[in-house]
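Inspection log for the structure reproduced underneath, given as structure tokens.
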Amino acid sequence: MKQTVEEAASAYLQKILESTDFEVNFEEDNYDAGSRDAVFDVTERAFIAGADWQAKQSPWISVKERLPGKNTGVFFTVEWKDSCKGYFVGLYYGNGQWESDNRIFLQDSPLYRITHYMPIPSFDEILEENRDVLERIKEKGD
């Protein structure tokens with residue numbers, strides 16, 4: 001399961017506060033401009049870390065990073081040499097073979113290249129991801 005942005009921000013903030021090069025002392029009588037500046041610094045760092053984290057959360061996986069398992073249902077992208085791009089639903093058979101609507105795409109083709117894919121989630125995965133929505137619907141009644 002992916003980490004939420006709130007969890008990532010909290011973890012990064014903890015990392016900053018635990019590091020030896022950063023210290024904030026929040027005594028009740030000592031909330032001066034220096035402490036306020038320190039809080040702003042921490043907030044800025046956490047925001048930047050959160051934005052960086054979010055940018056890496058694309059569901060599309062580069063085929064350079066890794067390939068799906070054999071016989072996996074996927075969405076995949078194809079870029080042709082004339083710079084057209086297509087999106088397909090199909091299967092990855094393994095050994096660089098992708099299929100969609102009875103068309104076979106080969107990973108090492110000189111005419112196009114497959115760049116990214118996204119596994120098609122199972123029904124159980126979809127159900128788990130949306131459990132909170134289903135609970136809210138159940139609470140409201142039929």
Results of side chain to side chain donor-acceptor pair (under 3.5 Å) for Arg66 - residues two or more places apart only: none

Partners passing side chain to side chain contact (heavy atoms under 4.5 Å, CB included) against Asn71 (at least two apart in sequence or in another chain): Tyr93

Co-members of the apolar cluster containing Phe123 [side chain, <4.5 Å]: Leu127, Leu134

Any residue meeting ring pair (Phe, Tyr, Trp, His ring centres under 6.0 Å) with Phe76, in chain and number order, not counting sequence neighbours: Phe88, Trp98, Phe105

Non-neighbouring partners of Asp132 that pass side chain to side chain donor-acceptor pair (under 3.5 Å), sequence neighbours left out: Arg136

Summary of salt bridge (charged side-chain N to carboxylate O under 4.0 Å, His left out) pairs that have at least one residue in residues 112-122, sequence neighbours excluded: Glu79-Arg113

With Thr77 via side chain to side chain contact (heavy atoms under 4.5 Å, CB included) - residues at least two apart: Trp60, Lys85, Tyr87, Thr115, His116

Heavy-atom side-chain contact between Ile61 and Pro68 under 4.5 Å: no

Distance in Å, Ser62 OG paired with Ile114 CD1, rounded so as to fall on 0.5 Å steps: 12.0 Å

Minimum heavy-atom distance between Ile120 and Val89, given as atom pair plus value: CD1-CG1, 3.8 Å

Listed partners of Glu139 passing side chain to side chain contact (heavy atoms under 4.5 Å, CB included), at least two apart: none

Val74 with Val63, same ILVMFWY side-chain cluster at under 4.5 Å: yes

Salt bridge (charged side-chain N to carboxylate O under 4.0 Å, His left out): pairs with one or both residues in residues 90-107, sequence neighbours excluded: none

Exceeds 12 heavy-atom contacts within 6.0 angstrom, atom CG of Asp82: yes

In one Ile/Leu/Val/Met/Phe/Trp/Tyr side-chain cluster, 4.5 Å: Phe75, Leu67: no

With Leu106 via side chain to side chain contact (heavy atoms under 4.5 Å, CB included) - residues at least two apart: Gln97, Ile104, Tyr112

